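Right, one structure below, let's go through it.
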Amino acid sequence: MTRFLRLALLLALALPLAAAAQQSPQITPNYKDADLGQVIEAVSQVTGKNFIVDPRVRAQVTMLSNTPMGPDAFYEAFLAILQVHGFVAVQSGSVIKILPDATARQLPANDLPDRISATSDEIVTQVIQVRNVSAAQLVPILRPLIPQYGHLAAYPSANMLIISDRASNVSRMMRIISRIDRSGDGDIEVIRLEHASASEIVRVVNSLNAAQGADASSSARIVADERTNSVLVGGEASQRLRFRTLITHLDTPLEDGGDTQVRYLRYADAEKLAAKLKEQAAAGGPAQPGQAAAAGGDRSVTIWAEPETNALIITAPPKTMRSLMQVVDRLDIRRAQVIIEAMLVEVSTDATRDLGVNWIVDGSGDNFLVGLFNQPIGGVSLGDIAAGIDDPSSITSAPGGLTIGGGRNQDTGTNFAAILRALSGDGDTNIVSMPSIITLDNEEAQIKVAQEVPFVTGSFTTTGGTGGTVNPFQTIERKEVGNILKITPQITDENTILLKIEQEASSLIADSGLALQLITSKRTISTRVLVDDGGMIVLGGLIEDRLTESEQRVPGLGRIPILGNLFRVRNTKKTKTNLMVFIRPRVLRTAEQAAIETNSKYNYLRNLQLELNGGKVKLMPGEMRPTLPPLIGPTAPPTAPAPPSQDVAVEPNGPSE
């Protein structure tokens with residue numbers, strides 16, 4: 001028998017422990033325009049409660065949640081949904097009736113519970129014993145704080161109040177009655193405030209008293225004591241009771257704390273935001289003499305920033321505090337980023353043709369000089385060839401094209417020399433430049449890929465020393481030549497991006513090695529455009545088709561058909577240029593999108609380095625080329641590398657024919 005009792009005792013102890021070890025299910029309810037009947041069915045399944053639904057209970061409800069909750073919390077949220085839509089849940093035995101709240105007072109509820117929840121929305125009934133004031137006098141004062149479906153009545157014989165309402169409001173009423181139910185037999189009462197400002201309470205109550213047109217001889221008098229933050233109330237007992245109730249109701253705590261708050265900012269700059277908030281506070285009222293404008297006529301408002309922790313320290317009355325915190329909530333947000341890819345494409349072709357004859361006839365040995373026609377063809381003339389024969393060192397490069405010549409050079413008789421030159425040149429150039437940049441919304445960004453090129457801006461000489469030495473000087477200014485992109489994006493509500501763009505593409509088109517002879521070409525665009533997220537738009541372009549023809553000839557003789565070709569040199573040059581500038585912005589709203597974009601470029605460069613490390617040139621065995629390390633972190637690299645962000649391809653001019 002003793003062994004059986006021990007076994008039963010162990011089982012009795014083990015069962016509660018096993019039940020406690022089981023965790024209650026966690027759910028995350030989300031409804032959007034759902035039928036209330038579906039929500040009731042879900043609550044019944046989760047909580048195990050039984051419901052009887054009145055046919056008049058119909059509504060489309062929305063409930064959004066991002067944190068899991070247990071069955072009890074889910075049921076409390078369900079009660080809040082019923083309150084919002086004007087329904088009530090009333091316990092009746094083992095079932096719960098869901099009815100319109102207009103009939104709530106006529107139905108039995110949770111009567112006289114031991115504990116009143118300050119957050120529950122269930123219907124409860126409570127009897128409150130009033131000790132120092134008349135319960136009947138409290139009814140007209142407290143009645144406006146009870147909703148229409150609630151119930152408030154006094155039992156004068158026992159000086160009690162009967163309240164039937166939702167638990168959260170009953171708990172609030174009990175706290176108010178506790179503050180009011182105090183001994184106040186004297187002509188002057190001192191009400192110590194715990195949360196509100198005494199001067200603000202007096203201002204509000206006096207404004208209400210003046211608006212009601214109360215007689216000064218019968219109304220209570222109230223004065224604020226700022227040192228102790230107390231309100232002094234004097235007058236007839238019923239009037240003091242009325243104002244004491246009102247003051248107690250107004251002296252409620254703020255949800256976010258007291259008059260001074262420290263707000264740590266996540267994204268905004270504390271110093272910049274503090275200056276703007278001071279202007280906001282100053283706009284609340286005229287500044288008094290000798291008072292800072294940031295206080296806005298209220299010495300209790302102070303705002304300053306702590307840059308080391310990027311925090312705001314604000315001291316203000318409750319109403320001003322709430323207004324300022326709402327502004328901070330809207331400004332201290334994560335700003336989207338924009339990646340901008342600019343594409344500068346230039347395609348140009350040029351063709352040149354040179355054809356001509358140079359000749360000279362010299363009879364100075366026996367006769368006289370007959371004639372000369374010397375005109376450069378393709379940069380080479382008969383004189384250049386003659387100088388090369390006399391001084392071979394003057395020839396730096398062989399002339400291109402086709403050159404045919406001949407002549408006679410004797411001591412007697414007539415000497416002559418002639419050359420025929422034909423030159424054809426074709427060139428194609430294809431340049432693609434793709435600079436890209438990432439910036440915050442409404443923040444100007446600039447990317448610059450340029451060279452510092454010297455340009456001569458002046459020259460002068462100085463004479464110094466006893467020997468009169470002349471020292472030449474030149475002043476040189478260095479200018480940037482390359483690609484410069486300055487852009488400011490602004491994301492609109494319509495998933496489009498407004499871009500303020502300044503684009504410059506410059507390059508050297510002639511380089512003799514002297515700063516005095518440098519020539520640059522510059523192409524600039526300054527515009528504002530509107531483009532869709534991820535779309536591409538052309539900013540501008542240049543299409544140029546140029547033809548240049550020239551001819552040098554001997555007057556008269558050069559116009560003779562066929563024979564005139566011996567007295568002419570002709571040159572033709574045709575250039576066609578196509579330049580277009582495109583731009584494509586994309587919005588990066590989350591950290592994941594920014595990480596994917598960064599990883600794609602990072603892995604592309606790393607793959608290029610790995611390919612170079614497999615080369616055959618290894619002058620130092622055992623030495624490896626520097627390589628970017630692999631990415632390690634929560635953001636995994638994409639499966640395939642993205643195209644390069646910048647690619648420049650230049651095809652040089654083709655060889656001359």
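In this text the structure is predicted, and so the values were computed from the model without any measurement. When reading the values below, keep in mind they use all heavy atoms of this one structure, side chains included, and skip hydrogens, waters and symmetry mates.
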Where [X] and [Y] come nearest, the two heavy atoms and their spacing:
X	Y	answer
L499	I487	CD2-CD1, 4.1 Å
R240	V233	CD-O, 3.8 Å
K278	I303	CE-O, 2.8 Å
I176	T248	O-CG2, 4.2 Å
T309	Y264	O-CD2, 4.0 Å
D121	A80	OD2-CA, 3.1 Å

Would you find a donor on one side and an acceptor on the other, under 3.5 Å apart, between the side chain of [X] and the backbone of [Y]?
X	Y	answer
D101	Q148	no
D181	R131	yes
N206	V202	yes
T62	D33	yes
N30	S65	yes
T496	T492	no
S164	G150	no

Under 4.5 Å between any side-chain heavy atoms of [X] and [Y], yes or no?
X	Y	result
S117	R115	yes
I116	M174	yes
V133	R244	yes
L344	Q503	yes
V531	I583	no
V61	H85	yes
T439	E444	no
V130	I180	no

Distance (rounded to the nearest 0.5 Å) between [X] [atom1] and [Y] [atom2]:
X	Y	atom1	atom2	answer
D165	H151	CG	NE2	11.0 Å
M63	F74	CE	CZ	6.0 Å
R166	L82	CZ	CG	7.0 Å
N495	D532	CG	CG	7.5 Å
M343	M536	CE	CE	3.0 Å
D251	L246	CG	CG	11.0 Å

Would you list the atom pairs, donor with acceptor, under 3.5 Å between side chains in residues 266-276 and any protein atom, with sequence neighbours excluded?
from	atom 1	to	atom 2	distance (Å)
D269	OD2	E271	N	3.2
D269	OD2	K272	N	3.0

Could you go step by step and tell me if Q126 and M173 meet the side-chain contact (heavy atoms from CB on, under 4.5 Å) rule? CA-CA 10 Å; Q126 188 70 15; M173 297 299 297; over 6 Å; no

Check the pair E502, T524 against side chain to side chain donor-acceptor pair (under 3.5 Å), reporting the backbone distance first and the verdict last. CA-CA 7 Å; E502 293 183 8; T524 62; over 6 Å; no

Show, in sequence, the C-alpha distance, side-chain angles and deciding distance for I163 and L142, and conclude whether the side-chain contact (heavy atoms from CB on, under 4.5 Å) test is met. CA-CA 10 Å; I163 303 177; L142 299 178; 5.8 Å; no

Exactly one candidate in V449, I525, I447, V581 meets side chain to side chain contact (heavy atoms under 4.5 Å, CB included) with L485; the answer is I447

Check residues 224-232 and write down every donor-acceptor pair under 3.5 Å in which the side-chain atom is one partner and the other belongs to a residue at least two apart or another chain.
from	atom 1	to	atom 2	distance (Å)
D225	OD1	R227	N	3.4
D225	OD2	T228	OG1	2.6
T228	OG1	S230	OG	3.1
N229	OD1	A198	N	2.8
N229	ND2	A196	O	3.0
S230	OG	T228	O	3.3

Indicate whether the side chain of S207 and that of R203 have a donor and an acceptor atom separated by less than 3.5 Å. no

Note: D441-R589 ion pair, threshold 4.0 Å (strictly below): no

Below 4.0 angstrom, N of the basic side chain to O of the carboxylate: do E341 and R586 qualify? yes

Stepwise side-chain contact (heavy atoms from CB on, under 4.5 Å) test for R263 and L324: CA-CA 11 Å; R263 177 68 179 267; L324 294 176; over 6 Å; no

Could you list the residues that satisfy side-chain contact (heavy atoms from CB on, under 4.5 Å) with P140, not counting sequence neighbours? none

Step by step, work out the side chain to side chain donor-acceptor pair (under 3.5 Å) result for N603 and R606. CA-CA 5 Å; N603 288 330; R606 187 171 185 271; 5.8 Å; no

Is Q446 atom CD crowded by more than 12 heavy atoms from other residues, nucleotides or ligands, each under 6.0 Å away? yes

Could you walk me through whether F243 and I191 pass side-chain contact (heavy atoms from CB on, under 4.5 Å), step by step? CA-CA 10 Å; F243 282 111; I191 303 176; over 6 Å; no

Take S168 and R172, measure what side chain to side chain donor-acceptor pair (under 3.5 Å) needs, and give me the verdict at the end. CA-CA 6 Å; S168 57; R172 169 171 167 259; over 6 Å; no

